[in-house]
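One structure below.
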Amino acid sequence: MGMNPKMLQQLQQMQNKMLKAQEELQNSTYEGTSGGGAVRVTMTGKFEVTAVKLDQEVVDPEDVSMLEDLILTALQDAFNQVTDASAKSMSAAMGGMKLPPGFGF
């Protein structure tokens, strides 16, 4: 049993929207922060870290572990922003259409 042409056309349109949404996401940048903005990490939609900025007051040679924790928290924040944006982008591209199990991204 084949797909009807209208359904096939709708699937192609959805695929095009998803590809466009994915491209927009990958070309976007996100900034994760911690320590009230004292540590900032910039990440692309492809999860590539492109910058790490540290305010001078968080660089304490006597407390390196605090700085490591702040950097880790900022990285996690940026990662979560990209993940959330990706989920929203794909959901919008799908237009609320539910795919059968095994067809998720």
Are T73 and V39 packed together at the side-chain level, in the sense that at least one heavy-atom pair is separated by less than 4.5 angstrom?
no

Run the side-chain contact (heavy atoms from CB on, under 4.5 Å) test against Q13 and tell me which residues pass, sequence neighbours left out.
Q9

Does a sphere of radius 6.0 Å around CD in Q10 hold more than 12 heavy atoms from other residues, nucleotides or ligands, not counting ones at 6.0 Å or beyond?
yes

So K20 and N16, do their side chains get closer than 4.5 Å, heavy atoms only?
no

Is it true that L19 and M14 fall in one hydrophobic cluster, defined by side-chain heavy atoms closer than 4.5 Å?
no

Could you state the interatomic distance from CG (L8) to CD (Q12), rounded to the nearest 0.5 Å?
4.5 Å

Distance check, rounded to the nearest 0.5 Å: L25 atom CG versus M90 atom CE?
6.5 Å

Are any of the side-chain heavy atoms of V49 and V41 separated by less than 4.5 Å?
yes

Q81 CD to Q76 CD distance, which is reported to the nearest 0.5 Å
12.5 Å

Without placing hydrogens or testing angles, list every side-chain donor-acceptor pair under 3.5 Å for residues 28-36, not counting sequence neighbours.
from, atom 1, to, atom 2, distance (Å)
S28, OG, E24, O, 2.8
S34, OG, L70, O, 2.5

Is the shortest side-chain heavy-atom distance between E48 and M43 below 4.5 Å?
no

Which value, rounded to the nearest 0.5 Å, describes the distance between S89 atom OG and Q26 atom CD?
10.0 Å

Any side-chain heavy-atom pair of F47 and T83 under 4.5 Å:
yes

Only pairs under 3.5 Å count here: list side-chain donor-acceptor contacts from residues 50-57, not counting sequence neighbours, and write none if there are none.
from, atom 1, to, atom 2, distance (Å)
T50, OG1, T42, O, 3.4
D55, OD1, R40, NH1, 3.2

